[in-house]
Protein chains: 2
Amino acid sequence: MTTTTFERADSWIATPPSSQSESFLSAVLVVRRIVAEHHDRPSLVSRVACEVGAEIIENVRHSGEDLSSVELAERYETSRTPIREALLLLEKEGLVRIPQRRRPHVAVLDIAEVREIYRVRAVLFGAVASDAATLRTPEDLAALRELLARLSTAHDAQDLSAYLWANVEFYNRLTIAAHNATAKRILDSLLLRTLRLRRLSLSQPTRREKSMAHHVQLMSAIEEQDAPLADVLIRSNHLHALAVLEQIYADGGVPSPMRSRRRRRQAAAATE
Amino acid sequence: MTTTTFERADSWIATPPSSQSESFLSAVLVVRRIVAEHHDRPSLVSRVACEVGAEIIENVRHSGEDLSSVELAERYETSRTPIREALLLLEKEGLVRIPQRRRPHVAVLDIAEVREIYRVRAVLFGAVASDAATLRTPEDLAALRELLARLSTAHDAQDLSAYLWANVEFYNRLTIAAHNATAKRILDSLLLRTLRLRRLSLSQPTRREKSMAHHVQLMSAIEEQDAPLADVLIRSNHLHALAVLEQIYADGGVPSPMRSRRRRRQAAAATE
DNA sequence: ACAGGAATTTATGTCGACATAATTGAATGA
DNA sequence: TCATTCAATTATGTCGACATAAATTCCTGT
């Protein structure tokens, strides 16, 4: 099942998949789901958007790093027009900033914004989980149980990446069960913005422990259709996750944005 | 004060302001605030986006109507590239749909989506109002009181447009007081999507009555820093507003999307 | 008269080019 | 040595052109 998942990721990026890690391919798929939501067929624009977006999420491109359209056009062997559009898609999701007449760059996530995002997510996700607990079908339950099992496996194996992506999938399934596409789109977008930090926060064993326990509790609240409990659990978990991030930021655990003189573009006149 | 407001709206649209109503100029400013948030200087793209966005909100362009990029490029005497970008900005706010390889068109708002939007808004706005009630400064209070007075004046004068825009400004000021830019952006975007319908719902005198009373109550909750009350009031008001819209949709009060054969483009070779 | 399909028209996605703004690098002076 | 100013470089915003996909029209057969 994960296999098919990874196979299908290839068509949404431009570079050969062999060089990519599994985590990166997961990232591509998540980005695709959110940023290329309406693009049913992989187009040039969506490929670029997915790949660059995944690179940002996977911290291949760092906070504040320049995303010059000419540089990207060279790299993807296309003109600047589709690159520009791809960057606009990523800006819409908050991964990229495009100041007028200035070079686009990877958006910088300061703690103030993270705080805001987690506050909004806590409230919205609480409501969504509440609805999901009420509306969930047997199919929803089955899917969620399976994802919980995947989560548990990853947790036992201490596999950070696997845990992270299973986590994302669990929340994804949960938001689907609530049958509110608008809420889902907003939550997805907010998730995307903070995915860069998830690895940091989940790298703490105590955090992973709490997170795992939380998911078990949440699952049972949903099974028992205890909407208020699901709401409170989600909010509490978000508060805790935020506290961890606050700590990490305070300790300087988040690499500060590059004072990006852009890296010299070594004009590789190789292709001739 | 409103005078300066209207004067400044001119620079964000492309056509002469003399032909525009006051309501339309208010619409332009609201669109600008949301869609051209980061564009500090009026650029070609933002002008087009603001004007077309305002036309959608003001129902000058109807649900489902085609927005061909060549047609718009002709009208604004520019090339398709900036038009395309302007349409992308409007799509990001949900006012426009751009299917791949098909003509962009004004987004269609069905009742299911309206329901979703109001649910999300109720929850998020409740939380924001709650924060605003807690955090509000004396300046916030003064500004809100003044807007409440404007609301009351418009209400007494039975001036639908004035009431509508004062309403928008009141909520805008309220979301500012909560000091959560992320939440504000989301709420603004959701508001924009439903602004087209506001006139419908507020055209009912009973609805206006309820709305006015609601604002008075809300204002006092904020003055007294009664966060839970502010939360509940907002939610309740949104539920009521939604109920009115459900009724209007059920009665067929919302013009159904044009089966838009696009209007024949009478090639006006006038400019020679 | 009408439905269905081929031919024509029109729009989109992408490209390379240009003018102009921003950025880098060099040169000057304290 | 460092800050400041000016020239050179590089990137952006916009444009018109082209290939190709949709939409529309026209034509044919029933």
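Each chain gets a letter, A, B and so on, in the order the sequences are listed, and its residues count up from 1.
Atom CG of B:L67 and atom P of D:dA22 are 19 Å apart (whole Å). As a whole-Å value, the separation of A:L72 CG from D:dA11 P is 11 Å. For the pair B:E85 CD and D:dC15 P, the computed distance is 12 Å after rounding to whole Å. Computed from coordinates, the A:D66 CG to D:dT12 C1' distance equals 13 Å when rounded to whole Å. Between B:E71 atom CD and C:dT9 atom C1' the separation is 15 Å, expressed in whole Å. Remark: P of D:dA21 and CZ of A:R41 are 12 Å apart, rounded to the nearest angstrom. Rounded to a whole Å, the CZ atom of B:R102 is 14 Å from the C1' atom of D:dT24. Atom-to-atom, CD1 of B:I83 to C1' of C:dA11 comes out at 14 Å; the value is rounded to the nearest Å.
Applying the side-chain contact (heavy atoms from CB on, under 4.5 Å) test to A:V254 and every residue at least two apart in sequence or in another chain returns A:L200, A:I248, A:Y249. A:E55 pairs by the side-chain contact (heavy atoms from CB on, under 4.5 Å) definition with A:F24, A:E51, A:V60, A:R61, A:R75, A:Y76, not counting sequence neighbours. For A:R119, the salt bridge (Lys or Arg N to Asp or Glu O under 4.0 Å) partners are B:D131, not counting sequence neighbours.
Residues A:D40 and B:Q100 approach most closely at OD1-OE1, 2.8 Å, considering heavy atoms.
Within the 4.0 Å cut-off from OP1 or OP2 of C:dC15, at least one side-chain nitrogen or oxygen of A:T78 is found. Here A:R103 reaches the OP1 or OP2 of C:dT24: one of its side-chain N or O atoms lies under 4.0 Å away. At the phosphate of C:dC15, OP1 or OP2 sits under 4.0 Å from a side-chain N or O atom of A:S79. Contact annotation: B:S69 reaches the phosphate of C:dT12 (side-chain N/O to OP1 or OP2, under 4.0 Å).
Among pairs with a residue in residues 89-121 of chain A, those fulfilling ring-ring contact (aromatic ring centres under 6.0 Å, His included) read A:Y118-A:H238, at least two apart in sequence or across chains.
Residue-level contact check: B:R101 touches the bases, meaning some heavy atom is under 4.0 Å from a base atom.
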Dot-bracket summary - DNA chain C, pairs being Watson-Crick or G-U whose distances fall under 3.5 Å, with | when paired to another strand: ||||||||||||||||||||||||||||||

Would you tabulate the side-chain donor-acceptor contacts of residues 106-115 of chain B under 3.5 Å, counting partners in other chains and residues two or more places apart, or write 'none'?
| from | atom 1 | to | atom 2 | distance (Å) |
| --- | --- | --- | --- | --- |
| B:D110 | OD1 | B:E113 | N | 2.9 |
| B:R115 | NE | B:E246 | OE2 | 2.7 |
| B:R115 | NH2 | B:E246 | OE1 | 3.2 |

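With distances taken from any side-chain atom of B:R80 to the nucleotides D:dT12, C:dT23, D:dC18, the minimum falls on D:dC18. Closest approach to the B:V45 side chain among C:dT12, D:dT12, D:dT14 is made by D:dT14 (side chain taken as heavy atoms from C-beta onward).
Each of A:P104 and A:T81 was matched to the nucleotide of DNA chain D holding its nearest heavy atom; the match closer to the 5' end belongs to A:P104. Along DNA chain C, the nucleotide closest to A:L44 and the one closest to A:Q100 are compared, and the more 5′ of them pairs with A:L44.
A salt bridge is absent between A:R173 and A:E139: the closest approach of a Lys/Arg side-chain nitrogen to an acidic carboxylate oxygen does not fall below 4.0 angstrom.
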